[in-house]
Amino acid sequence: MALELSEQEQFRRNSLQELFNLGINPYPAESYLINATTSEILTNFPADNTRYQEVSLAGRIMTRRIMGAASFVDIQDSAGRIQLYIKRDDICPGDEKTLYNTVFKRLMDIGDIIGVTGFVFNTQMGEISIHVKELKMLSKSVKPLPIVKEAEGQTFDAVTDPEFKYRQRYVDLIINPAVKDVFVKRTKVVNIIREFLNSQGALEVDTPVLQSIPGGATARPFITHHNALDIPLYLRIANELYLKRLIVGGFDWVYEFSRDFRNEGMDRTHNPEFTILEFYVAYRDYFWMMEQTEQMLQKIAVGLYGKTDVPFGDTTISFKAPFNRISIYDAIKEHTGIDVSAMDEAQLRIVCRQLELETDNTMGKGKLVDLLFGEKCEHHYIQPTFIIDYPVEMSPLTKKHRSKPGLVERFELMINGKEIANAYSELNDPIDQRERFEYQVKLMERGDNEAMFIDYDFLRALEYGMPPTAGIGIGIDRLVMLMTNQASIQDVLFFPQMRPEKKAIVNLVTDDDFIAQGIPAEWVPVIRKAGFKTPEEVKAANPNKLLNDLSGLRKKLKLEITSLKLEEVQAWCKD
RNA sequence: CUCUCGGUAGCUCAGCUGGUAGAGCAAUUGACUCUUAAUCAAUGGGUCACAGGUUCGAAUCCUGUCCGGGAGACCA
């Protein structure tokens, strides 16, 4: 007997055995063919019709109401829930009532997956239900499912513990239907984007995740090692430089949904792995890209909700094109009253001090402007706004502005006070690009540990000539957060990163390890129940106290096993 | 990494200023042929996250550790 299982888990394991004893396989191998889904029936079954007279469907038991010889069961499939009406004499037409009395009533539990056939009807209370003719166990659940009940729009005992939800997302998905909806919408967003891009002739591509130079962004990478080549490799922090190589290679429009990895802090908008859509289009500039972005986001909103207004928190975000545009210097002027557009590094540092922002000597002009914007402006932009024309120092991959010296042709799209997209007219002058990289190296020497590495192969590609190109990166996770009204990135990732649970050691120690120490097999479960996880812990115990505890447990649990003598216990505790 | 709040039955939670744990749902047994948070009766279920300490006595007080949330720091 496995004492470490909870009472309910033990009951279910016993039921499992009883099913086997009755000749019923609780985990049958063969297909179970269905011809309907719950939601299909609920939407199509008209009150006065005789459709769906022979349906077959399958799902998980979510709740049961047993009234003697008749019962109501709610099952849930991938599409929704429906009520079953199960009558003893209908599923057991003869004298043999075991299927109902024993299998259904006693051996089936909430959480089990069953298949049923029957006909659809309306109950006296007017609920569309299935009158079951046949019932089959498809998968026995041996772990009790948290029970969430609902009535008149109110939910009772919903599991809200974030740790539970994120670690056991499979349970979260079963019991919280709204969670499923978020992820369905996530896929919809991705599909709408694909269609939007493909319909314009874009080509979806794959580029390396393992890179020997982590380029295209400034962030600390995850590092790993390739044994055969004996070189370090990095998980990509961006795929930008590879997509641009493909533009050099002659593709006019490429895109990739790129899983990127950054070895940095985690919070409600950062997960170590996340998804960015990047796309690059030859012969276009950042103005064109702003229009594309507006069109795309508007399409997503309309595709999900049929309108451009999307609720988020206590506000509504309008994705109706066009979006506002403001230069980063104007934004800073607007929110601080200070015109920094003509300032050099020293003057900027003074401004930052005046505004009580912390600076240090590793920060160049670009970082200081970034700091001012990030601290004083960013959070003001709730409605979609393009922040444009950044200083050249903070944009090493961006083309110099066609008419404004010291600036580059870049925009970031801010929504709800957060950056959603980052785009530029791409720098395609190889000489300029080399100089920009070299400036990055200087920053690194000054102590900026996130300045970019030089990718010489990328420079070589540019030297062959890259057409004028517009490029963008859009944070898909954050976009999905906006589109599904979720405050945390963890709620739009199926399996957000978590510290591992520490339970492994309990499972690694087998009963044999205890037996090897001279402990009788029948006492091993008791020892575990008493809290000893390893034989070493038993060895270290006080024999008198151990004997007392074990004998106490034996009595408490009414175990019919031979009692222990002190000498025996003393023997375990010695080597 | 810092501050802060939390971890009690399968789930949701109560447990006050220390006296060895309670409720609802779930479970078990029984009753019940249209219920729907089904109902009624009885029953069982807990290393109070973990490890120390203070105390005659700790879920409760103190210290440390682990895990999580929130806010910051770092970072797009």
Side-chain angles (χ1 to χ4, degrees), chain A residues 3-12 14-15 62-74 81-90 100 105-106 109-111 121-127 129 131 141-168 171 175 217-220 237-238 260 262-272 274 276 358 367 370 373-374 378 394 412 414 418-422 449-450 473 475 477-478 487-490 496 498-503 528-533 549 553 557:
Chain A
L3 286 173
E4 63 271 18
L5 291 176
S6 73
E7 187 188 39
Q8 291 195 41
E9 289 173 302
Q10 193 57 59
F11 277 126
R12 287 185 180 219
N14 292 345
S15 299
M62 298 306 288
T63 142
R64 296 193 300 173
R65 295 173 290 283
I66 297 176
M67 296 159 307
S71 299
F72 291 92
V73 172
D74 289 356
R81 281 192 192 195
I82 200 165
Q83 178 173 264
L84 309 178
Y85 177 60
I86 300 176
K87 214 160 119 179
R88 191 223 298 143
D89 299 335
D90 282 341
Y100 184 83
K105 275 172 72 175
R106 282 210 314 112
D109 292 292
I110 288 173
F121 74 111
N122 262 299
T123 65
Q124 288 175 10
M125 301 299 288
E127 178 164 349
S129 307
H131 192 124
S141 164
V142 295
K143 206 168 176 62
L145 194 65
I147 308 296
V148 179
K149 295 201 173 183
E150 249 178 272
E152 291 155 15
Q154 267 201 302
T155 305
F156 300 86
D157 299 338
V159 175
T160 53
D161 175 18
E163 185 167 3
F164 191 112
K165 285 163 65 73
Y166 301 149
R167 285 200 199 279
Q168 301 186 47
V171 177
I175 62 182
T218 54
R220 283 164 60 195
I237 57 174
D260 293 349
R262 298 188 182 177
N263 203 343
E264 287 162 355
M266 294 161 57
D267 59 33
R268 51 164 46 182
T269 54
H270 296 90
N271 192 68
F274 60 103
I276 290 211
E358 259 183 62
K367 278 223 154 186
D370 195 26
F373 181 78
E378 196 172 75
M394 56 195 286
E412 289 194 352
M414 313 296 306
K418 287 264 154 41
E419 179 205 338
I420 291 296
N422 183 15
N449 58 9
E450 58 191 40
D477 310 288
R478 292 182 185 181
S488 168
I489 197 170
Q490 297 175 111
M498 287 283 215
R499 228 184 212 97
E501 291 174 281
K502 290 191 173 173
K503 279 195 175 168
R528 292 197 152 174
K529 183 79 180 171
F532 293 92
K533 297 185 179 74
D549 289 353
L553 272 172
L557 297 166

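So that the names make sense, note that chain A is the first sequence line, chain B the second, and so on, each numbered from 1.
Using C1' as the reference atom, B:A38 and B:U17 are 43 Å apart when rounded to the nearest Å. Spacing between B:A49 and B:U35 at atom P, rounded to whole Å, works out to 44 Å. Between the C1' atoms of B:A71 and B:A51, the separation comes to 29 Å (whole Å). Nucleotides B:U28 and B:U8 place their C1' atoms 23 Å apart, quoted to the nearest Å. Comparing the C1' positions of B:U55 and B:C62 gives an interatomic distance of 12 Å, to the nearest angstrom. Taking the C1' atoms as reference points, B:G22 lies 7 Å from B:G15, given to the whole Å. Taking atom P in both B:U47 and B:G10, the straight-line distance is 7 Å, to the nearest Å. For the C1' atoms, the distance linking B:A9 with B:A14 amounts to 13 Å, nearest Å.
If you take CD of A:Gln83 and P of B:A37, they are 11 Å apart, rounded to a whole angstrom. Put simply, CZ on A:Phe72 is 13 Å from C1' on B:C32, counting in whole angstrom units. Atoms CD (A:Gln154) and C1' (B:U36) sit 15 Å apart, rounded to a whole Å. Between A:Glu150 atom CD and B:A37 atom C1' the separation is 10 Å, expressed in whole Å. For the pair A:Met62 CE and B:A37 C1', the interatomic distance rounds to 14 Å; values are reported in whole Å. If you take CZ of A:Phe164 and P of B:C11, they are 6 Å apart, rounded to a whole angstrom. Atom CG in A:Asp161 sits roughly 19 Å away from atom P in B:C5 (whole-Å rounding). To the nearest angstrom, P of B:C34 lies 12 Å from CE of A:Met125.
Heavy atoms of A:Glu412 sit under 4.0 angstrom from at least one base atom. Across all strands shown, A:Asp89 has heavy atoms under 4.0 Å from base atoms, whether or not it also approaches the sugar-phosphate. Nucleic acid contact for A:Phe121: base, since at least one base atom lies under 4.0 Å from a heavy atom of the residue. Contact annotation for A:Asn263: no contact, since no heavy-atom pair falls under 4.0 Å across all strands. As judged by a 4.0 angstrom heavy-atom cut-off over every strand, A:Ile66 is placed among the base-contacting residues.
Applying the 4.0 Å criterion to OP1 and OP2 of B:A38, one finds that A:Arg65 has a side-chain N or O inside that range. Residue A:Arg167 places at least one side-chain N or O closer than 4.0 Å to OP1 or OP2 of B:G68. OP1 or OP2 of B:G69 lies within a sub-4.0 Å distance of a side-chain N or O belonging to A:Gln490. A:Arg499 has a side-chain polar atom (N or O) that falls below the 4.0 Å cut-off from OP1 or OP2 of B:C67.
Once rounded to the nearest 0.5 Å, the distance linking CD1 of A:Ile237 with CG of A:Asn263 reads 11.0 Å. Separating the CE atom in A:Met62 from the CD1 atom in A:Ile82 is a distance of 15.0 Å, to the nearest 0.5 Å. If you take OG1 on A:Thr155 and CD1 on A:Ile175, they are separated by 11.0 Å, rounding to the nearest 0.5 Å. One finds the OG atom of A:Ser129 at 8.0 Å from the CG atom of A:Leu84 (value rounded to the nearest 0.5 Å).
Of all nucleotides listed (B:C34, B:C74, B:G10), B:C74 comes nearest to the side chain of A:Asp267. In the set B:C34, B:A37, B:U35, the nucleotide with an atom closest to the side chain of A:Ala151 is B:A37. For A:Glu163, the listed nucleotide lying nearest its side chain is B:G68; candidates were B:G68, B:C11, B:A71.
Mapping A:Pro146 and A:Gly126 onto RNA chain B by nearest heavy atom places A:Pro146 closer to the 5' end of the strand. Comparing A:Thr63 and A:Glu9 by the nucleotide of RNA chain B that holds the closest heavy atom to each, the one mapping nearer the 5' end is A:Glu9.
In the interface, the side chain of A:Thr123 is paired with the base of B:U35 through a donor and an acceptor atom under 3.5 Å apart.
Here the closest heavy-atom approach between residue A:Tyr100 and residue A:Ala69 is recorded as OH-C, 3.3 Å.
With sequence neighbours excluded, the residues forming a salt bridge (Lys or Arg N to Asp or Glu O under 4.0 Å) with A:Asp74 are A:Arg65, listed by chain and number. Taking A:Asp109 as the reference, A:Lys140 meet the side-chain hydrogen bond (donor to acceptor under 3.5 Å, both in side chains) condition, with sequence neighbours excluded. Taking A:Glu163 as the reference, A:Arg167 meet the salt bridge (Lys or Arg N to Asp or Glu O under 4.0 Å) condition, with sequence neighbours excluded.
More than 12 non-hydrogen atoms from other residues, nucleotides or ligands lie less than 6.0 angstrom from NZ of A:Lys105.
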Pair A:Phe274-A:Arg262, side chain to side chain contact (heavy atoms under 4.5 Å, CB included): steps then yes or no: CA-CA 8 Å; A:Phe274 60 103; A:Arg262 298 188 182 177; 3.4 Å; yes
Check: residues 141-150 of chain A side-chain donor-acceptor pairs under 3.5 Å, at least two apart:
from: A:Ser141; atom 1: OG; to: A:Arg12; atom 2: NH1; distance (Å): 3.4
from: A:Ser141; atom 1: OG; to: A:Lys143; atom 2: O; distance (Å): 3.2
from: A:Lys143; atom 1: NZ; to: A:Glu9; atom 2: OE2; distance (Å): 3.0

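Stem regions for RNA chain B, each three or more consecutive Watson-Crick or G-U pairs with both distances under 3.5 Å and listed by first number, read B:1-7 with B:66-72, B:10-13 with B:22-25, B:27-31 with B:39-43, B:49-53 with B:61-65.
Taking the six-membered ring where tryptophan is involved, the planes of A:Phe72 and A:Tyr85 are tilted, since the angle between them lies from 30° to 60°.
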Distances under 3.5 Å between nitrogen or oxygen atoms of protein and nucleotides 25-30 of chain B:
from: B:C25; atom 1: O3'; to: A:Lys149; atom 2: NZ; distance (Å): 3.1
from: B:A26; atom 1: OP1; to: A:Lys149; atom 2: NZ; distance (Å): 3.1
from: B:A26; atom 1: N3; to: A:Gln8; atom 2: NE2; distance (Å): 2.9
from: B:U29; atom 1: OP1; to: A:Arg106; atom 2: NH1; distance (Å): 3.2

